[in-house]
Amino acid sequence: MISSVSAIRDRFPALQRVHEGKTVAYFDGPGGTQVPASVAGAVSDYLLRHNANTHWGFPTSAETDAVVAGARAAMADFLDGSPDEIVFGPNMTTLTFHVARALGRRFPPGSEIVVTELDHRANVDPWLDMARMWNFEVRTVPFRSDTGTLELSDFESVVNSRTRLIAVGGASNALGSVNDVEAVSAIARRHDSLLFVDAVHSTPHLPVSVEVLGCDLLACSPYKFYGPHVGVLWGRRDLLEELDAPRLQPAGEHAPERLETGTLNHEGIAGTLAAVEFLASLDSSSGERHARLGRVMQELHHRGDQLASRMWQGLSAIEGVRVFGPAAGTAPRTPTVSFVVDGVVSAEVSRRLASEHAVFCSYGDFYASDVTKRLGVEVTGLVRAGAACYTDFEEVDRLIDGVSAVARSAGSRSP
Ligand SMILES: Cc1ncc(COP(=O)(O)O)c(C=O)c1O
């Protein structure tokens, strides 16, 4: 039995916030979700009662070791890996640059790498940087602008025996499309290529299992799933153990520590453990955390589908509004729906939604700049409405009413 949305909402103090006389509806989750009180409590408890550096023989240091070990175990349950395959870092982008630097050193001259147009720059630019440094060829998989999806045939036509790495997202943070990573993994295997998955936008919305996906490396960001600003990298144990990653000579020699540079964000890691515990706690059964997380993420995916359908139907029915990405019900997606209001730049739509309806939506290109370019909205930008586990139907209706009002006023101004 998974907690109801109203029970979930009670755990998020930010949902009490009032703006211009109305309770705030947060649709900015794809940029970073709100956190439950338990996550903020874990961060503060760590700093106030257990704060120390690691590996020393006194209680606060041992408690810090236990927090880090506990968080590795929690993230391993969340991603279906092992604790010694979980690397912590400041954010997904920094971890990806780090791993790209290490991978570049092992690929032979003449290697090729594959990136996609649908991805966030954080899963493109570190690989372009690597390619520039080592003179590797970069092949780009286009996305279909009508459906917002990647086609397997487009991977097939660029992957070849020289491909050493395919970098693909689990889901698009701009359009909400969910990619068929398992099928991309089969292509990678056939060509003896590594597969790196940016799971930043999929982990908050779907069950993500590194085993099922069949990837070699995967990165995500707990601040997108109710945790603090930390990055997490999962890597196959043997790969992490042998990667020639830049590291200080006295630092840990073995995975996962050998991939971690400098002192970690212990309070953020304490909050990451609490974020995974929060998600697991939504299932009230007494089973193993790994199994509870699987059920919770499956149910959140299902709820997300219902929210996405309502958002898609409501927004696409408004005259002067264009929605992008896979139409709800036609292809797997997250409840992240991007749109434009003709005649109103996205920053202005966002400003009016906030000031007149207390609906907080982000806008721009969300660092998925190839997407906005291909959709022809790189100047005016997209407005992005992203539902989270605390989003209810009243908020979705308020979003739709707010966008209708903006579109009506734009329509009445046009000649
Ligand atoms: C899909 C996706 N990938 C990567 C990133 C970058 O993550 P981080 O901020 O942890 O570097 C983001 C951030 O918005 C994202 O949405």
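Both ligands and their constituent atoms are indexed starting at 1 by order of listing.
- Salt bridge present: D397 and R310 bring a charged side-chain N and a carboxylate O closer than 4.0 Å.
- Of the heavy atoms in T93, both backbone and side-chain atoms come closer than 4.0 Å to ligand 1.
- Contacts between D198 and ligand 1, counted as non-hydrogen atom pairs separated by less than 4.0 Å, involve the side chain only.
- Salt bridge status for D401 with R398: absent, with no side-chain N to carboxylate O gap under 4.0 Å.
- More than 12 heavy atoms of other residues, nucleotides or ligands shown are found within 6.0 angstrom of CG on D146.
- The nearest protein atom to atom 10 (O) of ligand 1, hydrogens excluded, is given as S221 OG, 2.7 Å; this is a heavy-atom distance.
- Heavy atoms from both the backbone and the side chain of M92 come within less than 4.0 Å of ligand 1.
- In this structure, atom 15 (C) of ligand 1 lies nearest to the protein heavy atom H120 CD2, 3.2 Å.
- Classification of D154 and R144 as a salt-bridged pair holds, one side-chain N sitting under 4.0 Å from a carboxylate O.
- Against a heavy-atom cut-off of under 4.0 Å, N173 is close to the following atoms of ligand 1: 1 (C), 16 (O).
- No side-chain donor-acceptor contact under 3.5 Å links K224 to the backbone of A199.
- Residue contact check for ligand 1: Y223 places a non-hydrogen atom closer than 4.0 Å to it.
- Using a 4.0 Å cut-off to heavy atoms of A122, the atoms of ligand 1 that qualify are 4 (C), 6 (C).
- Heavy atoms of K224 come nearer than 4.0 angstrom to ligand 1 in at least one pair.
- In this structure, a donor-acceptor pair under 3.5 Å is present between the side chains of T336 and H201.
- Taking the charged nitrogens against the carboxylate oxygens, R333 and D305 have no contact shorter than 4.0 Å, which rules out a salt bridge.
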